[in-house]
Amino acid sequence: MPQSRPLAFERPIFELEERLATLEAQPNPTPGSKESIRNMRVELTRMKREVFENLDPWDVVKVARHEQRPQTLDYVELVFDDFMELHGDRSFGDDRAIITGFARLEGQKILLVGQHKGRTLKERTECNYGCAHPEGYQKALDKMSMAARFGLPIVCLIDTPGAYPGIGAEERGQSYHIAINLRDLSLLRTPIVCVVIGEGGSGGALGIGIGDHVAMLQFSYYSVISPEGCAGILWKSDKFADKAARALKFTSKHLREMGVVDEVISEPLGGAHRDHRQMATSLKMSLSRALRDLSSIPLDELVERRYQKFRRLGVYEEGAAPAEA
C-alpha cells in the first residue's frame, strides 16, 4: 500500500521514522550508531504513545477517516474465512455501500454485514463513499433475517459518514427503511455483535447497529451527526467542526463512560492504519469472545436484554406537565 500523507500531528513521528530508517540503512554501523538507533526506537515508541493518547476529538475524526485505515473488505481477508458474498435486496438493486455474506470466524458460521467506503476512485464511486441507499438497508435486513432463520449469529462492521441524503434515496424511503431496521433488528432471534471500525455517522450507522454487544475501535467515533453537520447547524459554518467534535463527546472514551458502547478495542500503536494485521487480530479476538459469551444466553432472554439495552440509553427527567395558565 503506498505511503499516504501524514496527518498534522503525525509529522514529528514520520520525521523521526525517516531519520531512523537512514541510520538503519548504513552499512557496518559503529557502536555509537547502534546506540543511537536503540535510543531513537525508544523515543519513537514514546512519541507515538504520547501523541495518540492525547488526541483531540477532531483529531480522532481524522484518524477514523484515514485513507489507509482498514475497511470491511480488509477485515474479510484478515479475520474471516470462506466468505461468500450475498447480493441485492430482491426489489431494487445491489447497494455496494453495504457488503453482506456468509463467513466463518474461527470455524463458526456467521453472517457478516459491513459498510465499505472503497479505496480507489472507481471503488469509492461504486460504494458511494460508504453512504448506503434504502436498498442497502433492505439488503442488510433481508440477509440478517435469513441468518436468524438458520440460527447463525451476525457480525456488523460499521463505517459510514451517514446514510445517503440524495433525492432518489429519499423518494425510495430512506428514513422508513432505517426505522424498519431499528424495529426488526431489536427483535431478531439470534446473537448480534456490532463494531464501529471507523466512522459511525447518524442513522446510517444505527441502521445496522442494533446489537447485543456493541463495540468500537479506539480511534473511531459514533455520533448522531458529523462534526461538520453539527457545526453547520449550531455555528452556521463547518469551520467550527473541531469545536463541534469536542461538544458531541462521540469518541470511544466518552461513549464507554456513558454506557453507549460495551467495549473499546485497542488499536496498534499509532492507529489501525499503521498495522492492519495487528488490528485484525485484536478485532478477531473481541468478536470471538463476544459471540462465545452470547451463545450461552437463551434467545428469549437475549432479545429482551437487547431491547432493554437501548431503552436505557440516555438521561431524562419525568414529571407532571405544568398546569395551563
Side-chain angles (χ1 to χ4, degrees), residues 64-65 67-105 108-148 150 152-164 169 174 177-178 181 184-185 188 190 192-211 214-217 220 222 272 276 279-280 283-284 286-287 291:
R65 294 173 176 172
E67 60 186 11
Q68 290 188 3
R69 190 173 180 84
Q71 300 183 23
T72 290
L73 288 182
D74 297 310
Y75 290 122
V76 166
E77 293 291 329
L78 296 170
V79 175
F80 304 96
D81 299 311
D82 302 330
F83 179 68
M84 179 182 292
E85 187 170 358
L86 302 172
H87 297 271
D89 70 335
R90 301 191 299 175
S91 177
F92 186 84
D94 185 34
D95 189 344
R96 301 302 297 156
I98 293 186
I99 306 297
T100 63
F102 295 124
R104 291 180 185 271
L105 178 63
Q108 181 180 12
K109 295 179 182 178
I110 61 119
L111 177 83
L112 176 65
V113 177
Q115 290 157 329
H116 189 68
K117 294 178 176 179
R119 294 283 184 202
T120 65
L121 179 59
K122 179 182 178 181
E123 188 182 16
R124 288 173 181 171
T125 302
E126 290 175 352
C127 297
N128 209 37
Y129 292 79
C131 299
H133 288 74
E135 52 271 22
Y137 293 103
Q138 175 59 38
K139 174 171 77 169
L141 180 59
D142 179 59
K143 306 308 183 273
M144 287 192 275
S145 299
M146 179 171 60
F150 285 105
L152 299 180
I154 298 168
V155 171
C156 298
L157 302 182
I158 298 167
D159 188 14
T160 179
Y164 186 67
Q174 183 72 286
H177 281 284
I178 292 175
N181 278 29
D184 289 1
L185 291 184
L188 216 55
T190 193
I192 305 174
V193 177
C194 306
V195 183
V196 182
I197 60 173
E199 293 188 87
S202 192
L206 202 57
I208 62 169
I210 304 296
V214 180
M216 61 190 299
L217 302 195
S220 61
Y222 199 13
H276 287 199
M279 185 68 257
L283 177 61
K284 187 174 185 177
S286 172
L287 292 174
L291 289 176

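Considering all non-hydrogen atoms of both residues, Gly130 and Ala97 come closest at C-CB, 4.0 Å. Considering all non-hydrogen atoms of both residues, Tyr75 and Ala280 come closest at CE2-CA, 4.1 Å. Here the closest non-hydrogen pair linking Cys131 and Pro161 is SG-CG, 3.5 Å. When every heavy atom of His276 is checked against every heavy atom of Gln68, the shortest pair comes out as NE2-O, 2.7 Å. For the pair Arg119 and Pro70, the tightest heavy-atom approach, listed with the atom from each and the gap, is NH2-CA, 3.6 Å. Of all the heavy atoms in Ala169 and Pro134, the pair that sits closest is O-CG, 3.3 Å.
With sequence neighbours left out, the side-chain contact (heavy atoms from CB on, under 4.5 Å) criterion links Ser220 to Arg69, Val196, Met216, Leu217. Taking the side-chain contact (heavy atoms from CB on, under 4.5 Å) definition, one finds that Lys284 meets it with Val79, Leu105, Glu106, Ser288, sequence neighbours left out. With sequence neighbours excluded, the residues that form a side chain to side chain donor-acceptor pair (under 3.5 Å) with Ser286 are Glu263. When the ring pair (Phe, Tyr, Trp, His ring centres under 6.0 Å) test is applied to Tyr164, the partners found at least two apart in sequence or on another chain are His133. Under the ring pair (Phe, Tyr, Trp, His ring centres under 6.0 Å) criterion, His116 pairs with no residue, sequence neighbours left out. In this structure, the side-chain contact (heavy atoms from CB on, under 4.5 Å) partners of Ser91, at least two apart in sequence or on a different chain, are Asp89. With sequence neighbours excluded, no residue forms a side chain to side chain donor-acceptor pair (under 3.5 Å) with Glu77. Here Leu206 pairs with Leu182, Ile210, Tyr222 under the side-chain contact (heavy atoms from CB on, under 4.5 Å) rule; sequence neighbours left out. Under the side chain to side chain donor-acceptor pair (under 3.5 Å) criterion, Asp94 pairs with His87, Arg96, Lys139, sequence neighbours left out. The side chain to side chain donor-acceptor pair (under 3.5 Å) search around Asp142 returns Arg90, not counting sequence neighbours.
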- How far apart are the C-alpha atoms of Leu152 and Phe102, what are their side-chain angles, what is the distance that settles it, and do they pass the side-chain contact (heavy atoms from CB on, under 4.5 Å) test? CA-CA 9 Å; Leu152 299 180; Phe102 295 124; 3.7 Å; yes
- Message: Under the criterion side-chain contact (heavy atoms from CB on, under 4.5 Å), I'd like the reasoning laid out for Gln108 against Leu287: C-alpha separation, chi angles, the key distance, then a yes or no.
- Response: CA-CA 11 Å; Gln108 181 180 12; Leu287 292 174; over 6 Å; no
- Decide yes or no on side-chain contact (heavy atoms from CB on, under 4.5 Å) for Leu291 and Val155, but give the supporting numbers first. CA-CA 9 Å; Leu291 289 176; Val155 171; 4.2 Å; yes
- Task: List the steps, then state whether side-chain contact (heavy atoms from CB on, under 4.5 Å) holds for Gln115 with Cys156.
- Result: CA-CA 8 Å; Gln115 290 157 329; Cys156 298; over 6 Å; no
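Asp184 places no side-chain N or O within donor-acceptor distance of the main-chain N or O of Asn181, the cut-off being under 3.5 Å. Under the 3.5 Å distance criterion, the side-chain polar atoms of Gln174 are matched with a main-chain donor or acceptor of Ala132. A distance-only check finds no donor-acceptor pair linking the side chain of His177 to the backbone of Gly136 [under 3.5 Å]. No donor-acceptor distance shorter than 3.5 angstrom exists from the side chain of Thr100 to the backbone of Lys143, with no hydrogens or angles considered. Side-chain atoms of Tyr137 come within 3.5 Å of backbone N or O of Gly204 as a donor-acceptor pair.
The list of salt bridge (Lys or Arg N to Asp or Glu O under 4.0 Å) pairs with a residue in residues 121-138, not counting sequence neighbours, reads Glu135-Arg172. Pairs engaging residues 195-204 under the salt bridge (Lys or Arg N to Asp or Glu O under 4.0 Å) rule: Arg65-Glu199, Lys117-Glu199 [sequence neighbours left out].
Going from atom CG of Asp159 over to atom SG of Cys127 covers 11.0 Å, rounded to the nearest 0.5 Å. One distance of note links CE of Met144 with CG of Leu188; it measures 7.5 Å at 0.5 Å rounding. Going from atom CG of Leu283 over to atom CG of Leu78 covers 10.0 Å, rounded to the nearest 0.5 Å. Taking CG from Leu185 and CD1 from Ile192, the interatomic distance works out to 5.0 Å, rounded to the nearest 0.5 Å. The CG atom of Leu112 sits 13.5 Å away from the CE atom of Met84 when rounded to the nearest 0.5 Å. The line from CG of Leu86 to CG of Leu111 is 7.0 Å long, rounded to the nearest 0.5 Å.
Looking only at side-chain heavy atoms (C-beta outward), Ile158 and Cys194 come within less than 4.5 Å of each other. Counting only heavy atoms from C-beta outward, the side chains of Thr160 and Ile98 never approach each other to under 4.5 Å. Counting heavy atoms from C-beta outward, Val113 and Leu157 have side chains that stay 4.5 Å or more apart. Between Ile110 and Phe80, some side-chain heavy-atom pair lies under the 4.5 Å cut-off.
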